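Please read the structure below before turning to the comments.
Per chain, numbering begins at 1; letters A, B, ... match sequence-line order. Being a predicted model, the structure only gives us computed values, none of them experimental.
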Amino acid sequence: LAKTTQPISMDSYEGQEVNITCSHNNIATNDYITWYQQFPSQGPRFIIQGYKTKVTNEVASLFIPADRKSSTLSLPRVSLSDTAVYYCLVGGWNTGNQFYFGTGTSLTVIP
Amino acid sequence: KAGVTQTPRYLIKTRGQQVTLSCSPISGHRSVSWYQQTPGQGLQFLFEYFSETQRNKGNFPGRFSGRQFSNSRSEMNVSTLELGDSALYLCASSSGDSGPETQYFGPGTRLLVL
């Protein structure tokens, strides 16, 4: 079962690029990597998902090396509203798989 | 489309009681997953239902159970409540098709056990 490890917290100044890395050494062949953002007392919100190499959308990029044992979420030019907890989720969608959220990384953006 | 809705939003129970939480997925979604979130354990997967069948299950005791109806709405039941069951219970829905999916989360039900 693929479990994940993330830094517990990070601080960044407004306007900087932030990179959050997630380790998932036991990732299975059919597992995808998904990142979520969560604000206090709200449900997590989907940010980005990928299987390998690089994925980019309007809010973030996801880098996945060839061995897929880790992944890095990149947030360009963060603002105060990006202060939140970011979770890495590794899981497949076939019968018998389970889904683990990482410990979460609490990102604080400083003015 | 309306998002995932959960009822009730807040609940207070006493030890030994049971509780039922409800989740209405996004229209057209057939998969509903439940998670428990606590400050100490973070987000933990409870179970997933797809087409009225439990498809995946996390490592929770049998006091935690669920079901899904033909309209994909889901309920989660916790019997013989313990103080440690106090948590935010989150429901997430997705299409349920094979391959990678996006889960859409509801606002959660905050349960307090006294």
Within a radius of less than 6.0 Å around [atom1] of [X], do more than 12 heavy atoms belonging to other residues, nucleotides or ligands occur?
| X | atom1 | result |
| --- | --- | --- |
| Y104(B) | OH | no |
| L83(B) | CG | yes |
| R9(B) | CZ | yes |

Problem - Structural part of Q41(B) lying under 4.5 Å from a heavy atom of chain A - result: neither
Exercise for the section: Below 4.5 Å from any heavy atom of chain A, which atoms of L90(B) appear? Answer side chain, backbone, both or neither. Expected result: side chain
Taking [Y] as the starting point, is it possible to reach [X] by hopping between hydrophobic residues whose side chains are less than 4.5 Å apart?
| X | Y | result |
| --- | --- | --- |
| V55(A) | V59(A) | yes |
| F45(B) | V32(B) | no |
| L80(A) | V18(A) | yes |
| W35(A) | V109(A) | yes |
| V85(A) | L89(A) | yes |

Completion exercise
The reported gap from CD1 in I47(A) to OG1 in T102(B) (rounded to nearest 0.5 angstrom) is 12.0 Å
Handout entry: Sub-4.5 Å side-chain heavy-atom contact between R110(B) and S41(A)
Key = yes
Which atom pairs, one a donor and one an acceptor, fall under 3.5 Å between side chains of residues 62-70 of chain A and the rest of the protein, sequence neighbours left out?
residue	atom	partner	partner atom	Å
D67(A)	OD1	K69(A)	N	3.1
R68(A)	NH1	D31(A)	O	3.1
R68(A)	NH1	Y51(A)	O	2.8
R68(A)	NH2	A28(A)	O	2.8
R68(A)	NH2	D31(A)	O	3.2
K69(A)	NZ	N25(A)	O	3.3

Completion exercise
Among Q42(A), R45(A), Q38(A), the residue with the most heavy-atom pairs under 4.5 Å to chain B is Q38(A)
Practice task
Kindly indicate, with the supporting measurements, whether the criterion ring-ring contact (aromatic ring centres under 6.0 Å, His included) is fulfilled by Y36(A) and F105(B).
Solution key: CA-CA 10 Å; Y36(A) 288 84; F105(B) 284 81; 5.5 Å; yes
Practice task
Could you please state which residues from residues 72-82 of chain B sit under 4.5 angstrom from chain A, measuring non-hydrogen atom to non-hydrogen atom, sorted by number, or 'none'?
Solution key: none
Exercise for the section: State, to 0.1 Å, how close Y87(A) and Q37(B) come at their nearest heavy-atom pair, and which atoms those are. Expected result: OH-NE2, 3.1 Å
